[in-house]
Protein chains: 2
Amino acid sequence: MGRHKQFDEGEVLDAAAELFWAKGYGATSTRDLTRETGLSITSLYHTFSDKRGLYLQVLNRYLDRTLHERLNRVEAKFSPRKAIAVFFKEMAATSLADEQHRGCMLVNTAIEATSADAELQQMVAEETRLIESFFLRCIRAGQATKEIDDAKDAKDLARALLAVLMGLRVLARIRPEKSLIEGLIGPALSMLEPAHPN
Amino acid sequence: MGRHKQFDEGEVLDAAAELFWAKGYGATSTRDLTRETGLSITSLYHTFSDKRGLYLQVLNRYLDRTLHERLNRVEAKFSPRKAIAVFFKEMAATSLADEQHRGCMLVNTAIEATSADAELQQMVAEETRLIESFFLRCIRAGQATKEIDDAKDAKDLARALLAVLMGLRVLARIRPEKSLIEGLIGPALSMLEPAHPN
DNA sequence: GACTTATTGTATCGACCGATACATTATATT
DNA sequence: AATATAATGTATCGGTCGATACAATAAGTC
């Protein structure tokens, strides 16, 4: 065998994520990446194939850490209704805590990825289906226990929640105001509430 | 005086919009713009100052035609509750009718514009406040006539509707499915409904 | 019709892009 | 220690970027 890597791959992906997340794929140059990661351009290409390969690994790492972990955790830990609420509250808190106002890397990718990169588009679309199906499972489970209004269509409810989430993440990037981001959650969650007498 | 322009400025802006809307600002080159508009690079720069100046004019024209017109029309023509519903339904129809799945140019700009262009960011933020205030006016007017649940906070309701709209436009770009885009509107509008007895 | 002024076309600038060639260095195996 | 192999550093490739210089052209004013 030969020489060992002198860097930690995870740390490099984190450093690259800083750039890709804040500036997007196109606006991040390979020079930017060498500066931020400390790696030479040769090592970058040797390890991650090319710029797009690096981006895909960065995005997958981001999704695992920011999204999948949260989805799994809240679904396992809370009642259906509560899981959705906690999910949104954590998303709001995470968004507001980011001083760079980078928004959501998935949403950013969704907007930047054109039809020229069908594979990436497909990946992003699939990820939103994952979120939608989380909402749908929670809603159906909650409807079974009357925790959630079962007069409403579960599929459409899940779709609406997905839209609220995407919107929250867009707004977090351009208008990272506590009152805006946190305020919108209440009415969104009220979609789930059973109708109550006046 | 000298020679007259040999092109219609509006047509040029429309042609440029095709590119900027579909590919974004950064991914559209000045060569692309000359090809699509038919203008020489000299005329482009002479007329619109530079690439960014052209983009700003394109965006403003887009907002006037796609957003402002619709806001003014539905608010003047329909009851508050109905105005919001028609606004969303038209947005859904417009989104689904776009075979190129370009989404919303305002949302696309919101995501692509980094803190490096504070002026553009401010412009986008201001535009979302315009939409939010439309929702807020409708909600308050609807609450006064009991057409909209007046037990809910009008500001937060408007914020939630804004998020749904942004989310709808994101989804329209990556998942332009009729059932998804149209389905999410029902639950979103149900946020406005007065609570009803079981 | 001479002159002025605005528009247009061509050719090109320096900068930066993603990517690679090639030599060098370091480490595991034998 | 010799050798094989992987990681690294430097230098640079051809291509494209946004923008401009400059000459040519056309249409207004006098």
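Chain letters run A, B, ... following the sequence lines, proteins first and then strands; every chain starts at 1. Values below: all heavy atoms of this structure, side chains included; hydrogens, waters and symmetry mates excluded. Given the structure is predicted, the values throughout are model-derived calculations rather than measurements.
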### Query
Could you give the CZ-to-P distance, from B:F48 to C:dT7, as a whole number of Å?
12 Å
### Query
Whole-Å distance between D:dA7 P and A:L44 CG?
13 Å
### Query
At under 4.0 Å, does any side-chain N or O of B:S40 touch on OP1 or OP2 of C:dG9?
yes
### Query
Please, which pairs that meet ring pair (Phe, Tyr, Trp, His ring centres under 6.0 Å) have at least one residue in residues 89-126 of chain B, sequence neighbours excluded?
none
#### Entry: Candidate pair A:R70 and A:F134, rule side chain to side chain contact (heavy atoms under 4.5 Å, CB included), full reasoning
CA-CA 11 Å; A:R70 182 167 291 152; A:F134 157 77; over 6 Å; no
### Query
Which letter, B, S or -, goes with each nucleotide of nucleotides 12-22 of chain D from 5' to 3', with contact meaning a protein heavy atom under 4.0 Å?
B----BBBBB-
### Among B:E126, B:E132, B:E127, the one residue meeting side-chain hydrogen bond (donor to acceptor under 3.5 Å, both in side chains) with B:R129
B:E126
### Message
Please enumerate all residues that pass ring-ring contact (aromatic ring centres under 6.0 Å, His included) together with A:F48, with sequence neighbours excluded.
### Response
none
### Query
Side chains of B:L157 and B:L192: closer than 4.5 Å at any heavy-atom pair?
yes
### Query
Got a salt bridge between A:K152 and A:D156, using NZ or NE/NH1/NH2 to carboxylate O under 4.0 Å?
no
### Query
Tell me: NE2 of A:H46 to P of D:dA7, nearest whole Å?
4 Å
